[in-house]
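Position 1 is the first residue of the sequence; numbering continues from there.
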Amino acid sequence: MDWNYIGLIAVLVALLLVMIQRTEPKRRRLAAILVIPGLLLIRQNAFLKGDLHEETLLAFIIGLLLSFLFWLLIGRYNPVGVDSEVKVIGMDD
């Protein structure tokens with residue numbers, strides 16, 4: 001097993017999924033439309049390389065687990081804000 005490949009793909013998958021999680025709720029569909037082709041490209045590239053099927057599957061599972069842990073530990077307690085609720089410190093408006 002190529003652990004460097006597994007680690008790289010797992011981190012990429014987790015980052016892409018966290019990007020969808022941390023997107024504003026009304027823009028989440030657009031983020032998913034942009035991220036899903038990226039995930040499919042990662043998967044397709046791994047299958048084209050040859051004997052990396054098990055590594056890719058393991059990396060995707062680890063990426064999903066990391067994304068879930070991020071949501072469990074951070075995302076639930078710090079929800080994404082809405083544009084109208086964002087306050088800029090130092091502005092006199």
Side-chain angles (χ1 to χ4, degrees):
M1 281 204 163
D2 188 3
W3 289 101
N4 292 329
Y5 182 79
I6 292 171
L8 177 66
I9 298 299
V11 167
L12 284 173
V13 168
L15 286 175
L16 289 172
L17 292 175
V18 166
M19 187 174 83
I20 292 175
Q21 287 178 11
R22 300 307 297 171
T23 304
E24 184 179 342
K26 61 182 181 178
R27 304 238 194 277
R28 198 164 283 158
R29 183 176 294 149
L30 176 65
I33 289 171
L34 294 174
V35 166
I36 289 174
L39 292 172
L40 292 175
L41 282 173
I42 291 170
R43 187 184 65 86
Q44 184 64 28
N45 187 26
F47 281 117
L48 290 177
K49 283 192 173 248
D51 295 329
L52 297 174
H53 302 292
E54 292 87 15
E55 285 90 346
T56 306
L57 180 62
L58 181 61
F60 270 82
I61 291 170
I62 292 171
L64 283 171
L65 186 71
L66 288 173
S67 174
F68 174 74
L69 285 174
F70 179 85
W71 172 80
L72 185 68
L73 298 173
I74 296 173
R76 277 193 316 170
Y77 303 111
N78 300 308
V80 179
V82 182
D83 280 344
S84 61
E85 295 176 356
V86 175
K87 303 278 190 222
V88 179
I89 298 174
M91 297 294 289
D92 294 331
D93 295 332

Legend entry - Within 6.0 Å of CZ in R29, more than 12 heavy atoms from elsewhere: no
Legend entry - Closest approach of A32 to P37 (non-hydrogen atoms, all atoms of both residues): O-CD, 4.3 Å
Inset, instruction - Heavy atoms only: give me the nearest S67-Q21 pair and the separation to one decimal. - result: OG-NE2, 2.8 Å
Distance check, rounded to the nearest 0.5 Å: [X] atom [atom1] versus [Y] atom [atom2]?
{"X": "M19", "Y": "R28", "atom1": "CE", "atom2": "CZ", "value": "12.0 Å"}
{"X": "R27", "Y": "I33", "atom1": "CZ", "atom2": "CD1", "value": "13.0 Å"}
{"X": "W71", "Y": "N78", "atom1": "CH2", "atom2": "CG", "value": "13.0 Å"}
{"X": "I20", "Y": "L39", "atom1": "CD1", "atom2": "CG", "value": "6.5 Å"}

Inset, instruction - Side-chain contact test, heavy atoms from C-beta onward, threshold under 4.5 Å: evaluate it for I36 versus L40 and give yes or no. - result: yes
Legend entry - pair W3-L58: side-chain heavy atoms closer than 4.5 Å: yes
Shared hydrophobic cluster for [X] and [Y] (ILVMFWY, side-chain gaps under 4.5 Å):
{"X": "V18", "Y": "V35", "value": "no"}
{"X": "I9", "Y": "L15", "value": "no"}
{"X": "L16", "Y": "L8", "value": "yes"}
{"X": "L66", "Y": "I6", "value": "yes"}
{"X": "L12", "Y": "Y5", "value": "yes"}

Legend entry - Identified side chain to side chain contact (heavy atoms under 4.5 Å, CB included) counterpart of F60 within the set T56, L64, I62: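 Output: one option passes, namely T56.
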Legend entry - side-chain contact (heavy atoms from CB on, under 4.5 Å) evaluation trace for L17 with F70: CA-CA 10 Å; L17 292 175; F70 179 85; over 6 Å; no
